[in-house]
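Every chain is numbered from 1, with letters handed out A, B, ... down the list of sequences.
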2 protein chains.
Amino acid sequence: MSLPFGPYHAVIADDHAVVRDGLRAILESIGEVEIVGEAENGLEAISLAKEKKPALLTLDAAMPLARGMEVFVEVRRWSPETRIIVVTGFTAKGHLADWIAADVDGLFLKSCKPDEMRRGFELILNGGAYVSKSVLSILEQESKIPSLTSRERQVLHLIAEGLNNGEIAERLSVSAKTVDNHRTNMMSKLDVHSIAQLIAYALKEGILDQSQQL
Amino acid sequence: MSLPFGPYHAVIADDHAVVRDGLRAILESIGEVEIVGEAENGLEAISLAKEKKPALLTLDAAMPLARGMEVFVEVRRWSPETRIIVVTGFTAKGHLADWIAADVDGLFLKSCKPDEMRRGFELILNGGAYVSKSVLSILEQESKIPSLTSRERQVLHLIAEGLNNGEIAERLSVSAKTVDNHRTNMMSKLDVHSIAQLIAYALKEGILDQSQQL
DNA sequence: TTCTGAATGAGGAAAGTCCCTCATTCCATA
DNA sequence: TATGGAATGAGGGACTTTCCTCATTCAGAA
């Protein structure tokens, strides 16, 4: 496949050199793509994208210094022409749904076959959007887990940061009793019986990512 | 550099295809190495290593179905000749120290420069052991965080699984009061003030890995 | 309009956490 | 041999979580 309006400038953002190399190989196998920079943390990714305004940015969802979503928002603001492709290791439905909702141009799991990635990247460079099959199959699964309301997610986030009911109540300007009710409802929805298990759930859902904590 | 007794058979184990590709490129850049298999989960890694008894196994620390450490133990048992190189995304001191204690042949972060990895792999194939500089610098840092005793880590593990003091006590055949003491000691050592924060710490330390929970 | 779901708030009881203190045993090592 | 660290166990008090019930408000959908 040859692309119409190349060469396209691309930036790769991932904190793992070995992953950057894998992505570099895929991008280089597409004609008309020139890699103009690599970032190994979130802030570097933001400044590199602002500076180079590349046609394509491959973005890791979990990086040090700035989270993938923060990078995404910044790059969209300062370089709206850049096609942003998220490559994530998290397979949680909620996490993937967040990226779809953010209207990312491409969404792939790190476990994706390089072949599918390459074809997806080409489609995206041609102006399309592409979400990998593995992501779609996760999103299409009817989850047995009832989904949480946005307020509940908000509370879950703060619980996971180590705040107790009273502190969360203050932060959200509601009563501690309300926070307690949200927590209780979540635990009953999710069929867990302790804060520890609730946090384990939050992690699995990618609501927390382990590099950001403490 | 050319290696004396090649060709060496190698197996790559990592759940992310893009990482496998990066490692494959590094291994292929070493003469005398032939990749005889790839595994995308822990059980596959164990059975592949048992079957092929490769000279070299690159092992991801966090994979579905069986954790890196379980794979390591099994492969050491069934194919003691295999040189095992762990490539991990976790940068927590405790996690890295665990691998050193397990006497792994090589230990690298995923953020390692491919060049250093290649040179390290060559040394290991020559019969040596190699721990990457970035790992050493983490291990050498005097951590302000006092380290936990093994019993405390054990308790932390069970807390993180969502068990309460009583359940943990039963599991370890000690009194609930003892468990409570261990938990209290840890929280004071680590200067955290809730189970939620304790779990956040456990995650950061790689004591839990998010794919195993719930 | 009625009904449902979401967010808010409260009361109350049982259980568990959190954080002191103190004591005993064992083991390593200075 | 003495000192200290680790594991064990206990008492007790303050606070928090956990889990019920119930009620109000509001928005959107049937």
Enquirer: Using a cut-off of 4.0 Å on non-hydrogen atoms, how would the nucleic acid contact of B/His193 be classed: base, sugar-phosphate, or nothing?
Expert: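 Sugar-phosphate only.
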
Enquirer: Using a cut-off of strictly less than 4.0 Å, decide whether B/Thr184 has a side-chain nitrogen or oxygen near OP1 or OP2 of C/dC18.
Expert: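 For C/dC18, neither OP1 nor OP2 has a side-chain N or O of B/Thr184 closer than 4.0 Å.
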
Enquirer: Could you check how far CD of A/Gln154 sits from P of C/dA6, rounded to whole Å?
Expert: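 Atom CD in A/Gln154 sits about 15 Å away from atom P in C/dA6.
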
Enquirer: Looking at B/Lys113, I'd like to know if its NZ atom is crowded, meaning that more than 12 non-hydrogen atoms belonging to other residues, nucleotides or ligands lie closer than 6.0 Å.
Expert: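 No, NZ of B/Lys113 has 12 or fewer neighbouring heavy atoms, counting only those of other groups under 6.0 Å.
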
Enquirer: Check every strand shown and say whether A/Ser175 touches a base, only sugar-phosphate, or nothing at a heavy-atom separation below 4.0 Å.
Expert: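 Sugar-phosphate contact only.
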
Enquirer: Step by step, work out the side chain to side chain contact (heavy atoms under 4.5 Å, CB included) result for A/Lys177 and A/Asp180.
Expert: CA-CA 5 Å; A/Lys177 211 60 197 172; A/Asp180 183 50; 3.9 Å; yes

Enquirer: By nearest atom, which of the nucleotides C/dT17, D/dT8, C/dG11 is closest to the B/Arg183 side chain?
Expert: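 Ranking C/dT17, D/dT8, C/dG11 by closest atom to the B/Arg183 side chain puts C/dT17 first.
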
Enquirer: So which one's nearest nucleotide on DNA chain D is more toward 5', A/Gly166 or B/Val174?
Expert: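 Its nucleotide being nearer the 5' end, the pick is B/Val174.
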
Enquirer: Could you tell me the separation between the CD1 atom of A/Ile199 and the P atom of D/dT18, rounded to a whole number of Å?
Expert: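 Rounded to the whole Å, the gap is 10 Å.
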
Enquirer: In whole angstrom, what separates B/His182's NE2 from C/dC18's P?
Expert: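 From B/His182 NE2 to C/dC18 P: 16 Å.
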
Enquirer: Assign each of A/Asn185 and A/Asp180 to its nearest nucleotide of DNA chain C by heavy atoms, then name whichever residue's nucleotide is nearer the 5' end.
Expert: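 Mapping each residue to its closest nucleotide by heavy atoms, the 5'-most match is A/Asn185.
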
Enquirer: Less than 4.5 Å apart, any side-chain heavy atom of B/Thr82 and any of B/Val11?
Expert: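 Not in contact.
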
Enquirer: Between atom CD in A/Gln197 and atom P in D/dT17, what is the gap in whole Å?
Expert: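 A/Gln197 atom CD is separated from D/dT17 atom P by 16 Å.
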
Enquirer: Does B/Lys133, at its NZ atom, have more than 12 non-hydrogen atoms belonging to other residues, nucleotides or ligands within less than 6.0 Å?
Expert: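 Count not over threshold, so no.
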
Enquirer: Over how many whole Å does the gap from A/Leu190 atom CG to D/dT18 atom C1' extend?
Expert: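 Value for this atom pair: 15 Å.
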
Enquirer: Give the rounded distance in Å between these two atoms: CG of B/Asn164 and P of C/dA15.
Expert: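 Whole-Å distance recorded here is 12 Å.
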
Enquirer: Take atom CG of B/Asn181 and atom C1' of C/dC18, then tell me their distance rounded to the nearest Å.
Expert: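 So the two atoms are 11 Å apart, to the nearest Å.
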
Enquirer: I want to verify a distance call: between D/dT8, D/dT16, D/dG12, whose nearest atom is closest to the B/Arg151 side chain?
Expert: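 The listed nucleotide nearest to B/Arg151's side chain is D/dT8.
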
Enquirer: Round to a whole Å and report the spacing from CD of B/Glu167 to P of D/dT17.
Expert: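 Distance check: B/Glu167 CD to D/dT17 P gives 18 Å.
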
Enquirer: Would you classify B/Ser194 as touching base, sugar-phosphate or nothing, given that sugar-phosphate means primed atoms plus P, OP1 and OP2, and contacts are heavy atoms under 4.0 Å?
Expert: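 Answer is sugar-phosphate: B/Ser194 comes under 4.0 Å of backbone atoms only.
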
Enquirer: Whether A/Asp105 and A/Arg76 form a salt bridge (side-chain N of Lys/Arg under 4.0 Å from carboxylate O of Asp/Glu) is what I want to check.
Expert: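 The answer is yes: the pair qualifies as a salt bridge.
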
Enquirer: When all nucleic acid strands are considered with a 4.0 Å heavy-atom cut-off, which category describes B/Asn165: base, sugar-phosphate, or nothing?
Expert: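 B/Asn165: backbone/sugar contact only, no base atoms under 4.0 Å.
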
